[in-house]
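Chain identifiers are assigned alphabetically (A, B, ...) following the order of the sequence lines, protein sequences preceding nucleic acid strands; residue numbering begins at 1 within each chain.
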Number of protein chains: 2
Amino acid sequence: MDDAAQISQVRRFNRTVTERVGVLHDHYLGLDRPIGEARLLWEIGGQGQDVRRLRERLGLDSGYLSRLLRSLEADGLVTVEPQPEDRRVRTVRLTEAGRAEHAVLDGRSDELAGSLLAPLNDAQRARLVAAMAEVDRLLTATTVTLDVVDPDHPDARHCLRSYFTEMRERFETGFDPARSLLPDAGELRAPKGLFLVARLHGEPVACAGLKLPPGSAEIKRMWVAPHARRLGLGRRLLAGLEARAVEHGRGVLRLDTNKVLGDAIALYRSYGFEEVAAFNDEPYAHHWFEKRIGGA
Amino acid sequence: MDDAAQISQVRRFNRTVTERVGVLHDHYLGLDRPIGEARLLWEIGGQGQDVRRLRERLGLDSGYLSRLLRSLEADGLVTVEPQPEDRRVRTVRLTEAGRAEHAVLDGRSDELAGSLLAPLNDAQRARLVAAMAEVDRLLTATTVTLDVVDPDHPDARHCLRSYFTEMRERFETGFDPARSLLPDAGELRAPKGLFLVARLHGEPVACAGLKLPPGSAEIKRMWVAPHARRLGLGRRLLAGLEARAVEHGRGVLRLDTNKVLGDAIALYRSYGFEEVAAFNDEPYAHHWFEKRIGGA
DNA sequence: TCCATTCTCTGACCTTAGTCAGCGAAAACG
DNA sequence: CGTTTTCGCTGACTAAGGTCAGAGAATGGA
């Protein structure tokens with residue numbers, strides 16, 4: 001299928017979906033109140049949200065948002081209170097009534113989904129859901145951003161904590177960071193290295209570090225959050241690190257890994273890594289890989 | 001995957017798509033003029049449209065639509081003229097300037113589609129487009145309506161004309177209606193039979209007739225438009241005819257078909273038909289099928 | 001021929017969505 | 001400590017989207 005055919009298929013999709021889903025969506029959501037308010041109520045959700053965060057997520061003008069909140073407050077659906085730590089920031093929470101209304105919206109959303117599936121038979125339904133999952137995955141993948149951050153940044157720390165926890169659970173021998181050949185944080189920070197974090201909707205969902213000792217480049221601590229797998233993030237991280245290693249004039253990228261990380265090993269191979277003899281004595285490693293980079 | 005899991009997958013899809021496609025869509029479309037006008041301009045399209053039809057398609061109030069048209073007219077983008085046949089109905093056509101503006105919107109729509117694909121690599125792109133096509137097909141399928149119409153109705157005649165043309169092209173021996181055991185139109189009209197037409201966005205896209213001689217029920221002239229294939233319409237037509245045959249107290253459904261119609265034959269088998277000896281001497285038939293219906 | 005219906009348009013009106021400037025309180029900075 | 005910045009709020013305003021009742025022309029049917 002050439003580019004033009006792809007474009008026109010995407011356009012057909014856009015049209016069908018905005019008609020069938022988009023229109024119904026607003027229609028279902030906005031039965032009793034303006035969709036602006038309904039969306040807001042929805043976004044506040046069970047645990048409450050800072051006004052600032054709401055403004056960001058929904059992309060609303062501060063004055064406009066304020067007015068919407070007043071309106072919801074007048075209807076007794078939300079309460080707005082200053083945060084104890086920073087009394088400029090205010091937190092919105094649903095009241096009992098607000099929670100009830102939220103549950104109604106939730107139910108409508110289920111109805112909408114049901115109404116799309118209802119006219120189909122079982123086989124078609126399964127195909128539709130599978131295709132939707134695929135579209136969802138791939139469109140989501142395009143919104144993930146990759147940034148270089150300091151390993152001490154909260155998002156980086158979150159990824160690293162998750163990484164350690166997962167290794168501890170998956171390695172047959174457990175995982176004790178103290179026994180591993182861990183780069184101290186300084187080694188994953190310029191000029192000795194760098195650290196990449198991938199974010200989805202602002203939340204950190206994957207990371208990878210690059211150590212840059214003279215004449216070499218080594219990947220460390222690559223991790224992808226379970227709910228963000230199958231988005232091609234591992235590959236994007238590898239590509240990101242490779243590009244940066246090339247920028248630093250390195251001709252080889254290498255890494256070590258544990259035998260239980262089968263998916264990762266498959267990824268390394270398919271990305272062009274080849275297994276080599278051990279180049280360090282990392283106690284948790286069973287395989288060592290290298291890839292020539294930068295056209296070297 | 002159980003029902004709840006399907007529903008929640010559909011909901012995730014709805015959310016992702018309305019965010020990524022819906023929002024961008026309005027954004028791209030509405031750069032220079034209100035989206036209401038832009039949508040209208042878009043819907044008028046190259047050949048012009050009756051006001052009535054526009055109102056239906058876009059679901060707009062007649063007063064509101066009228067005002068939008070005045071506004072486009074004032075900008076010199078459209079002309080509105082009464083239809084010659086029925087001077088109450090008015091037809092909207094794009095002027096030269098309107099056509100230019102339409103082309104701009106068209107380009108934007110391409111851009112939008114491109115922007116969804118751009119961040120993906122080739123393999124992902126192909127997967128996304130394939131999944132979109134599947135979603136598109138299945139969602140479209142749910143909007144098809146099935147109605148009993150008179151075989152002389154313009155939509156029925158359109159289907160039958162297309163059917164004859166296609167048979168003429170595909171049968172190895174050509175197809176001469178005069179030689180075939182054609183039911184005359186009366187046989188596919190109550191009380192001797194019936195005729196079903198499937199419509200997509202109001203356009204006829206498939207048909208099938210049922211002959212109801214005493215004690216028997218026979219399917220004739222089943223056809224699905226090429227662009228509406230793979231939507232499960234054949235199966236729906238069969239189900240529709242079966243249900244009506246049962247209503248008329250018949251216990252067996254039968255049909256004859258030509259050997260070149262491989263897809264149709266596969267459909268009949270998978271729907272539960274079994275091949276039987278010839279029950280008529282239709283010169284263009286190679287296979288005869290029967291299915292017990294109504295729990296008989 | 002008269003009457004009912006269809007189709008579009010106009011005027012009056014309302015709600016929702018959204019922008020912008022500026023203000024006061026709280027926090028951060030130097 | 002004073003100054004600057006951040007955060008949310010209010011008032012004033014605009015545009016867009018949409019509803020409703022009714023008028024006037026054209027058509028169809030009895």
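When the P atom of C:dT16 is taken as reference, atom CG of A:L72 falls 12 Å away, rounded to whole Å. In this entry the distance linking CZ of A:R90 with C1' of D:dT6 reads 15 Å, nearest Å. Between A:L69 atom CG and D:dC9 atom P the separation is 6 Å, expressed in whole Å. Rounded to whole Å, the distance from CZ on B:R55 to P on D:dG18 is 15 Å. A:E85 places its CD atom 11 Å from the P atom of C:dA28, with the value rounded to the nearest Å. Atoms CD (A:E81) and C1' (D:dC7) sit 17 Å apart, rounded to a whole Å. Atoms CG (B:L58) and P (C:dT8) sit 14 Å apart, rounded to a whole Å. The distance from atom CZ of A:R33 to atom P of C:dT16 is 10 Å, rounded to the nearest whole Å.
The existence of a salt bridge linking A:R137 and A:E134 is confirmed by a sub-4.0 Å separation between a basic side-chain nitrogen and an acidic carboxylate oxygen.
Heavy-atom neighbours of B:Q47 CD from other residues, nucleotides or ligands within 6.0 Å: at or below the threshold of 12.
Without hydrogens or angle criteria, B:S109 side chain to B:L105 main chain gives no donor-acceptor distance under 3.5 Å.
Closest approach to the B:D86 side chain among D:dA26, C:dA27, D:dC9 is made by D:dA26 (side chain taken as heavy atoms from C-beta onward).
Among B:N14, B:T142, B:I7, the one residue that satisfies the side-chain contact (heavy atoms from CB on, under 4.5 Å) test with A:L116 is B:N14.
Contact check, A:R70 against D:dC9: a side-chain N or O comes under 4.0 Å of OP1 or OP2. Proximity of B:R52 to the phosphate of C:dC7: a side-chain N or O atom is located under 4.0 Å from OP1 or OP2.
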Original post:
Step by step, would you call A:R221 with A:E187 a salt bridge (charged side-chain N to carboxylate O under 4.0 Å, His left out)?
Top reply: CA-CA 12 Å; A:R221 307 191 194 174; A:E187 285 187 283; over 6 Å; no
Original post:
What one-letter contact string describes nucleotides 17-25 of chain C from 5' to 3', where B marks a base within less than 4.0 Å of any protein heavy atom, S marks contact via sugar-phosphate atoms alone, and - marks no contact?
Top reply: SBBB-----
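For B:D50, the side-chain hydrogen bond (donor to acceptor under 3.5 Å, both in side chains) criterion is met by B:Q83, B:T91, not counting sequence neighbours.
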